[in-house]
Amino acid sequence: MKETLTDLLNDSLDRACRDGSLAVKTVPPIQLDVPKDASFGDFATNLAMVLSGTVKRPPREIAKTLIDHISDLDGIIARCEIAGPGFINFYLREDYWLRTLKEIDAAGEAYGRSNLGKGRRVLIEFVSANPTGPLHIGHGRGAVVGDALARLLEAAGFAVHREFYVNDAGRQLRTLGCSVWIRYRQLFDGSVPFPDEDGYPGEYVIDIAKALQRRDADQYLGMDEAEAVERLSEFAAERILAGIRADLDRMEIRFDSFFSEKALYRDEKVQACIAELDAKALLFREENGALLLRTSTLGDDKDRVLIKGDGDPTYFASDIAYHRDKFARGFEQLVNLWGADHHGYVPRMKSAVQALGHDADALRVVLIQMVNLLRDGKPVRMGKRSGEFVTLSEVLDEVGNDVARYFFLLRRSDSHLDFDLDLAKTQSNENPVYYVQYAHARICSVFRQAEERGLSVPAAEDVTMERLALPEEIDLMKYLATFPEVVEGAAMAMEPHRIPFYLQELATRLHAYYFKHRIISDDRELSQARLFLIGRVRTVIRNGLTLLGVSAPVTM
RNA sequence: GCGCCCAUAGCUCAGCUGGAUAGAGCGUUGGACUACGAAUCCAAAGGUCGCAGGUUCGAAUCCUGCUGGGCGCGCCA
């Protein structure tokens with residue numbers, strides 16, 4: 001309906017220009033807002049104020065002209081008012097909102113979806129945790145936000161591909177191999193020392209060594225160290241990756257592909273990428289033999305090394321090759337979720353994207369800030385190398401998937417998050433998760449009640465919807481009508497947290513309505529109308545929760 | 001030293017591309033179940049939107065400077 005009004009305004013502006021009442025050369029984008037204060041109408045526009053600069057006439061006068069030129073053929077506007085410095089406030093006919101209910105009824109699960117993305121292919125890369133240890137809570141946040149974002153983009157009409165980048169080529173993996181190697185030998189000879197630095201001390205490494213011993217006994221002991229470390233690191237990475245997949249599976253996060261860094265080298269894609277950049281004359285060599293990319297001309301602070309003086313490629317080189325491959329696979333828009341501590345890497349990667357011949361905006365990076373795990377109000381220490389971190393799977397054991405997901409999605413992803421384990425575990429009103437779920441369960445309960453009393457809800461066209469005229473009812477309908485815009489906005493801004501906020505507000509309105517008015521009464525016609533209304537609320541809550549990957553329970 | 005992010009109620013945070021009297025949850029205080037689930041609802045108290053300038057019809061939002069906090073600045077990954 002926002003579009004309908006926008007059209008009406010555009011039309012009015014057009015008409016006013018033609019008959020000479022307004023001299024506007026360039027039409028500004030029309031902005032329509034839902035005012036915070038309901039007394040300012042259902043929608044308001046600042047159009048007159050925006051125009052007053054170019055037209056050189058007082059805003060209120062322009063507003064008057066615009067209103068006079070509106071032709072509301074469908075009769076959706078009850079009245080318009082000029083307010084304050086020159087706002088035009090629109091008051092829609094109340095029965096107009098009944099259309100929203102029919103719309104939701106007709107669309108069902110599809111209500112809120114749009115074709116904004118026009119099927120454009122998007123690759124969203126997230127988690128991408130190194131296969132050197134189990135996922136921790138920070139990874140969990142990235143995983144959940146990435147998944148919700150993917151769902152949002154799908155809802156907005158994009159063709160989304162979810163990818164996990166596996167860093168299986170770097171030094172970290174070798175370090176892991178060494179750690180397992182030492183733990184493995186310790187199983188046979190307790191005097192073998194574990195290094196103070198440069199190793200993964202975690203308990204899970206010992207488990208891996210034991211598993212290796214169970215499978216292959218002592219067959220690595222006599223092996224050449226380099227070869228043993230190589231084979232052990234592979235074994236360990238596979239095993240850890242399997243654990244990561246199990247965690248993701250548990251959160252119902254599925255990837256379309258796992259992309260191996262090692263494969264980039266194996267398939268000589270890094271070399272091909274460097275050759276392409278070289279052909280574009282974007283590379284230069286320094287005295288010591290290092291090869292650099294001229295990123296400084298593309299928005300980065302300085303030029304970056306692709307091949308080191310010793311001949312080895314940098315991580316940056318393989319990363320460029322990786323992104324080149326993403327484009328080569330036909331994705332027009334790339335979305336990366338990175339830990340916020342990598343923010344300095346963003347301009348570098350964007351300049352690389354430009355070097356490959358794409359627009360800098362073809363890559364969008366969503367930064368995920370740190371998570372502080374709190375227990376008893378105190379932060380739980382989680383040194384990466386201390387080995388005593390709390391794993392994601394332990395957190396899931398404690399609080400469950402719904403709660404974990406909701407907590408992660410409750411804040412903007414680029415701000416710090418305190419994850420309060422005690423709060424997350426309380427099954428009470430202090431826990432925000434249940435508020436929305438309860439609204440859904442409550443509606444389901446009313447429907448069960450209705451059924452018991454032999455009350456069924458007829459098809460939309462047989463419901464006497466005009467019986468819905470209470471302020472709380474109109475209010476609910478208006479709010480339901482904004483859901484598609486909220487989804488679109490959240491998708492385009494890549495801010496999933498807007499959805500929980502919307503749902504919370506919707507639940508508030510539902511609870512308030514429920515408390516004040518009876519749904520089921522002796523008035524059969526009224527009862528059916530009200531059931532129809534809360535049925536649509538249920539649809540929207542369910543659709544919203546689905547976008548978050550949180551369940552919508554029928555009972556609690 | 002340079003760069004990025006943040007600063008809003010006692011606490012945790014929203015505030016949609018600048019819009020009208022800055023919102024929510026928790027906490028505090030006081031109310032509401034013989035009717036559809038009280039995991040709920042209603043009400044009150046609580047703010048110099050870090051500070052100082054600037055841009056304009058209009059600024060929590062944009063610009064500059066400052067203060068305070070987080071994080072980056074490898075031929076590491």
Side-chain angles (χ1 to χ4, degrees), chain A residues 29 31 33-37 39-40 44-46 49-50 52-53 58-59 83-87 89 130 132 167 169-173 175 261 286 288-292 301-302 304-316 318-319 339-347 367 369-370 410-412 414-418 420 423 426-435 437-439 441-450 452-453 455 482 485-486 488-490 492-493 495 497-498 500-501 504-505 507-508 510-521 527 530-531 534 555-556:
Chain A
Q31 193 181 327
D33 298 308
V34 179
K36 271 174 283 186
D37 189 332
S39 70
F40 291 129
T45 182
N46 59 357
M49 290 181 283
V50 174
S52 81
F87 289 104
N89 296 340
N130 290 336
T132 52
N167 293 115
R171 199 183 63 187
Q172 288 167 354
L173 207 67
T175 307
E261 182 187 8
E286 282 194 338
N288 65 355
L291 193 64
L292 287 84
D301 300 338
K302 53 179 179 180
R304 304 292 176 177
V305 176
L306 297 186
I307 306 277
K308 297 184 270 187
D310 64 9
D312 285 340
T314 59
Y315 178 80
F316 186 45
S318 63
D319 220 13
D341 52 342
H342 289 79
H343 70 262
Y345 200 72
V346 176
L367 297 175
Q369 262 295 0
M370 288 172 39
L410 207 48
R411 303 218 178 326
R412 336 174 27 110
D414 59 358
S415 68
H416 287 267
L417 171 66
D418 286 333
D420 188 330
L423 177 60
T426 54
Q427 303 232 340
S428 76
N429 56 349
E430 287 171 62
N431 194 329
V433 189
Y434 300 114
Y435 188 76
Q437 290 188 321
Y438 181 57
R442 180 174 247 180
I443 293 171
C444 293
S445 168
V446 175
F447 271 95
R448 282 191 296 272
Q449 192 68 224
E452 268 176 40
R453 301 194 195 179
L455 200 60
T482 64
E485 293 163 33
V486 172
E488 285 180 11
M492 298 321 280
E495 293 182 349
H497 75 277
R498 294 187 192 183
F501 278 90
Q504 215 128 328
E505 177 67 27
T508 296
L510 184 274
H511 285 310
Y513 171 58
Y514 172 89
F515 201 84
K516 201 164 171 187
H517 306 285
R518 283 194 63 79
I519 309 298
I520 301 168
S521 64
S527 302
R530 290 184 172 175
L531 283 167
I534 66 168
T555 63
M556 291 177 69

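The sequence lines fix the lettering, A, B, ..., with proteins before strands; numbering per chain opens at 1.
For the P atom pair drawn from B/G10 and B/U28, the interatomic distance equals 16 Å after rounding to whole Å. One C1' atom belongs to B/A35, the other to B/G18, and the distance between them is 49 Å to the nearest Å. B/G19 and B/C36 have their P atoms separated by 44 Å, with the value rounded to a whole Å. Comparing the C1' positions of B/G69 and B/G30 gives a spacing of 39 Å, expressed to the nearest Å. Comparing the P positions of B/C2 and B/G47 gives a spacing of 38 Å, expressed to the nearest Å. B/G15 and B/A7 have their P atoms separated by 10 Å, with the value rounded to a whole Å. The C1' atoms of B/U29 and B/U34 are separated by 29 Å, rounded to the nearest whole Å. Here, B/G54 and B/C16 have their P atoms 25 Å apart, quoted to the whole Å.
Distance, A/Met370 CE to B/G69 P: 17 Å, rounded to whole Å. Look at CD on A/Glu485: it is 16 Å from P on B/G15, rounded to the nearest Å. A/Asp420 has its CG atom 11 Å from the P atom of B/C13, to the nearest Å. Taking atom CG of residue A/Leu423 and atom C1' of nucleotide B/C13, one finds them 13 Å apart after rounding to whole Å. The NZ-C1' distance, from A/Lys36 to B/A14, rounds to 12 Å in whole Å. If you take NE2 of A/His416 and P of B/A14, they are 12 Å apart, rounded to a whole angstrom. Computed from coordinates, the A/Asp33 CG to B/G58 P distance equals 19 Å when rounded to whole Å. Spacing between atom CD of A/Gln437 and atom P of B/A39 amounts to 15 Å, rounded to whole angstrom units.
Taking A/Thr314 as the reference, nothing meets the side chain to side chain donor-acceptor pair (under 3.5 Å) condition, with sequence neighbours excluded. Residues passing the side chain to side chain contact (heavy atoms under 4.5 Å, CB included) test with A/Lys516, sequence neighbours excluded: A/Glu472. Residues satisfying the side chain to side chain contact (heavy atoms under 4.5 Å, CB included) test with A/Ser415, not counting sequence neighbours, are A/Arg411, A/Arg412. Legend: residues meeting side chain to side chain contact (heavy atoms under 4.5 Å, CB included) with A/Ala340, ordered by chain and number and at least two apart, are A/Leu367, A/Gln369. For A/Glu261, the side chain to side chain contact (heavy atoms under 4.5 Å, CB included) criterion is met by A/Tyr165, A/Asn167, A/Asp168, A/Ala169, A/Tyr265, A/Tyr315, A/Ser318, not counting sequence neighbours. Remark: A/Gln31 pairs with A/Asp33 by the side chain to side chain donor-acceptor pair (under 3.5 Å) rule, at least two apart or across chains. Remark: A/Thr555 engages no residue in a side chain to side chain donor-acceptor pair (under 3.5 Å) (not counting sequence neighbours). Residues forming a salt bridge (Lys or Arg N to Asp or Glu O under 4.0 Å) with A/Arg442 (at least two apart in sequence, or on another chain): none. Not counting sequence neighbours, A/Lys36 has no partner by the side chain to side chain donor-acceptor pair (under 3.5 Å) test.
Here the side chain of A/Arg453 pairs no donor or acceptor atom with the backbone of A/Leu455 at under 3.5 angstrom. Within the 3.5 Å criterion, the main-chain N or O of A/Thr132 finds no donor-acceptor partner in the side chain of A/Asn130. A/Thr508 places a side-chain N or O within 3.5 Å of a backbone atom of A/Gln504 that can act as its donor or acceptor partner.
Comparing B/U40, B/U12, B/C42 against the side chain of A/Tyr435 picks out B/U40 as the nearest. Considering only the side chain of A/Val50, B/G19 comes nearest among B/G70, B/A20, B/G19.
Phosphate contact (OP1/OP2 of B/A14, side-chain N/O of A/Ser415, threshold under 4.0 Å): present. The phosphate of B/G15 has OP1 or OP2 within less than 4.0 Å of a side-chain N or O from A/His497. Contact annotation: A/Arg412 side-chain N/O to B/G15 OP1/OP2 distance is under 4.0 Å.
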Next item on the list: Would you sketch RNA chain B in dot-bracket for me? Only Watson-Crick or G-U wobble pairs with both distances under 3.5 Å count, crossing pairs as [ ], other-strand pairs as |, the rest as dots.
Entry: (((((.(..((((.....[...)))).(((((.......))))).....(((((..]....)))))).)))))....
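Across all strands shown, A/Ala439 has no heavy atoms under 4.0 Å from either base or sugar-phosphate atoms. Base engagement by A/Ala44 is indicated by at least one non-hydrogen atom pair under 4.0 Å involving a base atom.
Taking the 5.5 Å centre cut-off and the 30° plane limit, the aromatic side chain of A/Phe87 is classed as stacked on B/A20.
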Next item on the list: Assign a letter to each nucleotide of nucleotides 28-37 of chain B from its 5' end: B, base within under 4.0 Å of a protein heavy atom; S, sugar-phosphate only; -, no contact.
Entry: ----B--BBB
Margin query: At under 4.0 Å between heavy atoms, how does the protein contact nucleotides 72-77 of chain B? Give one character per nucleotide, 5' to 3', with B, S or -.
Written below: S-SBSB
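With hydrogens and angles left out, the side chain of A/Asn46 and the base of B/A20 share no donor-acceptor pair within 3.5 Å.
Close placement of the A/His517 and A/Tyr513 rings is indicated, their centers lying within 6.0 Å of each other.
In this structure, B/C33 shows a glycosidic angle within 90 degrees of zero, which is the syn conformation.
Here the CZ-CG distance, from A/Phe501 to A/Leu410, works out to 5.5 Å after rounding to the nearest 0.5 Å.
Looking at which nucleotide of RNA chain B each of A/Gln369 and A/Glu505 is closest to, the 5′-most match is held by A/Glu505.
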